[in-house]
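By convention in this document, chain letters (A, B, ...) are assigned in the order of the sequence lines, proteins followed by strands, and residues within each chain are numbered from 1. Here the structure is a predicted model, which means the values were calculated and not measured.
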There are 2 protein chains.
Amino acid sequence: MKSNSLKISEIFKNMSFSEKEIEIITSSLKKTTLKKGTILIKEGDFVDNMYYVESGCLRTFHIDVHGKEHTVQFGIKDWWITDYTAYFSSEKAIMNLEILQDCTLYALSKNNRELLYNKIPQIHKFIRIKLERAYAAFQKRILANLSQSATERYLEFINTYPDIEKNVKNYHLASYLGITTESLSRIRKKLN
Amino acid sequence: MKSNSLKISEIFKNMSFSEKEIEIITSSLKKTTLKKGTILIKEGDFVDNMYYVESGCLRTFHIDVHGKEHTVQFGIKDWWITDYTAYFSSEKAIMNLEILQDCTLYALSKNNRELLYNKIPQIHKFIRIKLERAYAAFQKRILANLSQSATERYLEFINTYPDIEKNVKNYHLASYLGITTESLSRIRKKLN
DNA sequence: TTAATTTATTACCATACATCAATTTTTTAT
DNA sequence: ATAAAAAATTGATGTATGGTAATAAATTAA
């Protein structure tokens, strides 16, 4: 229990909770470990959980009408990830969530999230701030996609997320940057 | 005062407030009317307000290193708009906010937002849900940019936001879709 | 209403990135 | 350790969209 409380303080950084609150939080979060290659959410699923990443690497991706994959988000230590659109709106997932490197995750279900909001109102603010940041990050990415060349986007990516590149396949990254693996290969070659 | 209360109920749809709460909200929102062409936020500004759009049309856009404009968001009736990144993080704006058609807006300052959160906690949830939706919309746009051709993006846009196209210049829309005005012109020609 | 200015269109050519196919390298499984 | 499978690289060629410039249309101002 002590060790679990420590994790909680890591997940909810900069917040202080009473003993009782920590217990509530602990029992709302379900720890799971998952093997590389696992598909945790599949298109069409109902999505009941968002996941805090303690360790490992994963991604959400969408398969378009031509069968091409598009990586929407990567997740590494300390990030929250899920198909947010499905999670928030209670619609079926349009995304897949794939484990890229063995993961330890903490799952927070919709019910438990509501429960936390009600029992520990300060969490409301915590999640809101997380969302605000995610929103800002998305906005930045839209701008990058609109204004930068593939090479510029690649450089910015490896600069911003140096820990991710090592853990993902070439084509995971390419499909995040909006180019083909071949193009990414050529970009890398040119940069050497 | 009565007419103002009506507005409030429009802004905070599906929420019910006491007389006193309505008074608090009314005094937190500042109504302004602005003429077409006005630049309400300029790159480098500190951003103290987010704006609810009662009427009119506006956009946020970024100017990249090559001097090219990129429209990040349009705003029409019933939307909230600002440079969210600057507003949330208290950093200088990287965006400009431009009035495209005469607008009536309600400004909510950061201080007043905090005040509302504290005095009327249910607003917390209201804003959170707004953010969740905005987040989902952004995600959808990233996917569209990754997986669709310019023509497909154009068609989806005019389908999703039929009211916006009429109010904006060709190059506003082009810079939103990530193409040049010339390309948009050609796309439209082909579609006829 | 006319002139001035802004915006949209069109043509021609350039380029970034895609596609296809073959080959090499790396990873995984036995 | 070796074979099999998956991933990455490379070359040749195609295509969507960009850039430039000239013209036409629409909007604004006088």
For residues 95-102 of chain B, dump all side-chain donor-acceptor pairs below 3.5 Å to protein atoms at least two apart in sequence or in another chain.
from: B:Asn96; atom 1: OD1; to: B:Glu43; atom 2: N; distance (Å): 3.0
from: B:Asn96; atom 1: ND2; to: B:Phe61; atom 2: O; distance (Å): 3.3
from: B:Glu98; atom 1: OE1; to: B:Arg59; atom 2: NE; distance (Å): 2.8
from: B:Glu98; atom 1: OE1; to: B:Arg59; atom 2: NH2; distance (Å): 2.8
from: B:Gln101; atom 1: NE2; to: B:Asn167; atom 2: O; distance (Å): 3.1
from: B:Asp102; atom 1: OD1; to: B:Lys36; atom 2: N; distance (Å): 2.8
from: B:Asp102; atom 1: OD2; to: B:Lys35; atom 2: NZ; distance (Å): 3.3

Minimum side-chain heavy-atom gap A:Leu115-A:Asn111 below 4.5 Å: no
Heavy-atom check, side chain of B:Leu116 versus side chain of B:Ile25, under 4.5 Å: yes
Under 4.5 Å side-chain linkage, directly or through intermediates, the cluster mates of B:Ile129: none
First and last nucleotide of DNA chain C, 5' to 3', lying under 4.0 Å from heavy atoms of chain B: C:dT7 to C:dC12
Within residues 77-87 of chain B or reaching into it, pairs that qualify as salt bridge (Lys or Arg N to Asp or Glu O under 4.0 Å) - sequence neighbours excluded: B:Glu10-B:Lys77, B:Lys13-B:Asp78
Closest non-hydrogen atom pair between A:Ser16 and A:Glu21, with its separation: O-OE1, 4.4 Å
Members sharing B:Tyr171's hydrophobic cluster (side chains within less than 4.5 Å): none
Residues from residues 138-148 of chain B lying under 4.0 Å of DNA chain C - heavy atoms: none
D:dG18 OP1/OP2 closer than 4.0 Å to side-chain N/O of B:Thr180: yes
Salt-bridge criterion met for B:Glu132 and A:Arg113 (N-O under 4.0 Å): yes
Sub-4.0 Å heavy-atom contacts from residues 164-179 of chain B onto DNA chain D, ordered by number: B:Gly178, B:Ile179
Estimated bend of the helix from C:dT1-D:dA30 to C:dT30-D:dA1 (axis per five terminal pairs, rounded to 10 degrees): 60°
Quiz item: cation-pi between A:Arg141 and B:Phe138, 6.0 Å / 45°: no
From B:Tyr135, B:Trp80, B:Tyr84, residue fulfilling ring-ring contact (aromatic ring centres under 6.0 Å, His included) relative to A:Tyr135: B:Tyr84
A:Arg188: partners by salt bridge (Lys or Arg N to Asp or Glu O under 4.0 Å), with sequence neighbours left out: A:Glu165
Ring-ring centroid check B:Tyr106 B:Tyr51, cutoff 6.0 Å: no
Residues which pass salt bridge (Lys or Arg N to Asp or Glu O under 4.0 Å) with B:Lys166, listed by chain and number, not counting sequence neighbours: B:Asp163
A:Val168 side chain reached by A:Phe74 side chain, heavy atoms, under 4.5 Å: yes
Salt bridge (Lys or Arg N to Asp or Glu O under 4.0 Å) contacts touching residues 171-186 of chain A (sequence neighbours left out): none
Nucleic acid contacts - residues 182-192 of chain B versus DNA chain D, non-hydrogen atoms under 4.0 Å: B:Glu182, B:Ser183, B:Arg186
